[in-house]
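Following: one structure in structure tokens, then a few remarks.
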Amino acid sequence: MDSHIERKEIYGENSLVVEIKDLIQQNRTQLALTVNAAMSKLYWQIGRRVNDEVLLHQRAEYGKEIVATLARELTITYGDSFSDKNLRRMMQFAKIFPDMKLSYH
């Protein structure tokens, strides 16, 4: 072993185990933040796009039809996260924050 490499204890207060656990936790936290930002951006984009389509046709019944049809198609492929109720929440999200600027940090 090279003499210039500091030898770490495996266990203890300043051990290799503690350092590795800290690295894992820091990266898990960063990953969670990144995933949350990406999901928020996706949901906002979906809500905005559906709102634009509904407004384009300016008919309440057509809007309900769009959301119901889209929800059926999306839940087949992607699951209940894209249910009618959740799509309407995405639409509300985009309406409340029309100029949303999301970034990843």
Side-chain angles (χ1 to χ4, degrees):
M1 184 181 271
D2 285 343
S3 60
H4 71 280
I5 296 176
E6 180 184 341
R7 187 168 174 211
K8 281 290 207 181
E9 293 296 322
I10 296 296
Y11 298 104
E13 207 171 293
N14 296 315
S15 70
L16 179 61
V17 171
V18 170
E19 286 181 24
I20 299 299
K21 284 181 175 181
D22 286 346
L23 285 172
I24 292 168
Q25 190 56 46
Q26 288 168 11
N27 282 283
R28 280 184 175 173
T29 300
Q30 185 59 44
L31 179 61
L33 293 171
T34 301
V35 168
N36 286 339
M39 294 303 292
S40 294
K41 181 178 180 181
L42 172 64
Y43 293 159
W44 180 84
Q45 289 173 318
I46 291 169
R48 184 185 65 180
R49 182 63 186 92
V50 174
N51 284 339
D52 289 348
E53 185 66 25
V54 169
L55 286 175
L56 179 68
H57 296 281
Q58 298 180 351
R59 293 194 332 245
E61 285 305 310
Y62 182 74
K64 288 179 186 175
E65 206 175 294
I66 289 173
V67 175
T69 301
L70 186 58
R72 274 193 306 274
E73 291 295 321
L74 293 175
T75 55
I76 290 168
T77 305
Y78 301 107
D80 291 336
S81 294
F82 298 94
S83 67
D84 187 286
K85 184 178 179 179
N86 285 340
L87 287 177
R88 292 189 185 287
R89 286 182 179 150
M90 293 174 204
M91 293 168 68
Q92 282 181 309
F93 180 41
K95 191 173 183 180
I96 291 169
F97 300 100
D99 298 321
M100 186 92 165
K101 303 277 190 277
L102 297 171
S103 62
Y104 304 95
H105 294 282

Please enumerate all residues that pass salt bridge (Lys or Arg N to Asp or Glu O under 4.0 Å) together with Glu65, with sequence neighbours excluded. none
Spacing of CZ belonging to Arg48 relative to CD1 belonging to Ile46, to within rounding of 0.5 Å: 11.5 Å
If you look at every heavy atom in Val67 and Met91, which pair is closest and at what distance? CG2-SD, 3.6 Å
Once side chain to side chain contact (heavy atoms under 4.5 Å, CB included) is applied, do any residues pair with Leu55, and if so which ones, sequence neighbours excluded? none
Holding to salt bridge (Lys or Arg N to Asp or Glu O under 4.0 Å), I want the full list of residues that pass it with Arg88, two or more places apart in sequence or in another chain. Asp84
Anything under 3.5 Å between a donor and an acceptor, one on a side chain of residues 74-83, the other on a protein residue two or more places apart or in another chain? List them.
unit_1: Thr75; atom_1: OG1; unit_2: Ala71; atom_2: O; d: 2.9
unit_1: Thr75; atom_1: OG1; unit_2: Arg72; atom_2: O; d: 3.2
unit_1: Ser83; atom_1: OG; unit_2: Asn86; atom_2: N; d: 3.2

Nearest non-hydrogen partners of Trp44 and Phe93, listed with the distance: CB-CE2, 3.5 Å
Between atom CE of Met90 and atom CG of Leu42, what is the distance when rounded to the nearest 0.5 Å? 7.0 Å
Tell me, please, which residues at least two apart from Lys64 pass salt bridge (Lys or Arg N to Asp or Glu O under 4.0 Å). Glu61
Identify, with sequence neighbours excluded, every residue that meets side chain to side chain contact (heavy atoms under 4.5 Å, CB included) alongside Glu53. Arg49, Leu56, His57, Tyr62, Ile66
Once rounded to the nearest 0.5 Å, what's the spacing between atom CZ of Arg28 and atom CG of Leu31? 9.5 Å
